[in-house]
Amino acid sequence: PPLLPGMEQAFLRHPVLAPYLLTTQKMLKDWARTQHLSWFDFSRSEQFGCETHEFLDPHHATQSCYQKIFTPFWHSAKNLDGTPLLSALESRPQ
């Protein structure tokens with residue numbers, strides 16, 4: 001999930017917390033790979049333009065932050081054949 005802007009970097013600079021975060025991330029990435037799942041890391045919310053006021057607490061973002069992350073994500077998502085995912089969904093009969 002998105003984290004409060006700067007939170008992941010603060011964890012990575014912390015001598016005790018950094019190894020736990022890195023181990024957790026590696027375990028999740030490894031598990032996703034063995035399960036043939038895609039891994040998307042949105043924890044650095046500042047890279048998506050999220051701001052501090054868009055969080056209820058350090059790890060619960062509001063709708064506006066999620067929109068900043070997922071709007072470009074879904075607009076760039078592709079089907080297996082390389083065609084845009086949303087254009088296929090938009091052209092389906094309702």
Side-chain angles (χ1 to χ4, degrees):
L3 300 174
L4 191 69
M7 186 173 172
E8 182 181 40
Q9 289 302 307
F11 269 77
L12 292 173
R13 286 190 302 272
H14 194 280
V16 175
L17 300 178
Y20 290 109
L21 177 59
L22 293 170
T23 299
T24 301
Q25 289 174 331
K26 182 182 181 328
M27 289 172 66
L28 289 169
K29 289 175 189 175
D30 290 348
W31 175 82
R33 188 178 60 255
T34 63
Q35 300 301 311
H36 307 288
L37 299 170
S38 297
W39 168 262
F40 300 102
D41 185 357
F42 301 121
S43 59
R44 294 185 186 182
S45 64
E46 63 273 17
Q47 294 180 337
F48 304 96
C50 295
E51 299 178 21
T52 303
H53 70 271
E54 295 176 291
F55 285 79
L56 302 174
D57 59 39
H59 55 91
H60 288 101
T62 61
Q63 179 182 354
S64 60
C65 177
Y66 276 100
Q67 285 178 317
K68 290 176 181 179
I69 294 169
F70 284 112
T71 297
F73 174 82
W74 285 114
H75 283 283
S76 64
K78 304 257 187 269
N79 290 302
L80 294 176
D81 64 4
T83 59
L85 176 65
L86 286 184
S87 66
L89 293 175
E90 291 166 356
S91 64
R92 289 192 331 196
Q94 302 261 340

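No experiment lies behind these values; they were computed from the predicted model shown. Below, all heavy atoms of this structure are taken into account, side chains as well, without hydrogens, waters or symmetry copies.
Taking every heavy atom of both residues into account, A61 and P2 meet most closely at CB-CG, 3.8 Å. S45 and L4 get closest at one heavy-atom pair: OG-C, 3.9 Å. Among all heavy-atom pairs drawn from P15 and P19, the shortest one is O-CD, 3.6 Å. Of all non-hydrogen atoms in H14 and V16, the two that sit nearest each other are ND1-N, 3.1 Å. Residue W74 comes nearest to L85 through the heavy atom pair CZ3-CD2, 3.5 Å, listed as atom of the first residue, atom of the second, then distance.
Atom CD of residue Q25 and atom CZ of residue F11 lie 10.5 Å apart, to the nearest 0.5 angstrom. With rounding to the nearest 0.5 angstrom, the CG atom of L21 is 9.0 Å from the CE atom of M7. Between atom CD of residue Q47 and atom CD1 of residue I69 there is a gap of 10.0 Å, rounded to the nearest 0.5 Å. Put simply, SG on C65 and CD on E46 are 9.5 Å apart, with the number rounded to the nearest 0.5 Å. Rounding to the nearest 0.5 Å gives a distance of 9.0 Å between OG of S43 and CD of Q9. Here the OG1-NZ distance, from T83 to K78, works out to 8.5 Å after rounding to the nearest 0.5 Å.
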Side chain to side chain contact (heavy atoms under 4.5 Å, CB included) assessment of W31 paired with L37:
CA-CA 8 Å; W31 175 82; L37 299 170; 3.5 Å; yes
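With sequence neighbours excluded, the residues that form a salt bridge (Lys or Arg N to Asp or Glu O under 4.0 Å) with E54 are K68.
Within a 6.0 Å radius of CD in Q63, other residues, nucleotides and ligands contribute 12 heavy atoms or fewer.
Annotation: side chain of P5 is in contact with side chain of F55 (closest heavy-atom distance under 4.5 Å). Using a 4.5 Å heavy-atom cutoff, the side chains of Y66 and S64 are not in contact.
Classification of the F70-F73 ring pair by plane angle, with boundaries at 30° and 60°, yields perpendicular.
Formation of a donor-acceptor pair under 3.5 Å by the D57 side chain with backbone atoms of H60 is found in this model.
Under the 4.5 Å side-chain heavy-atom criterion for grouping Ile, Leu, Val, Met, Phe, Trp and Tyr, L3 is connected to L22 within one hydrophobic cluster.
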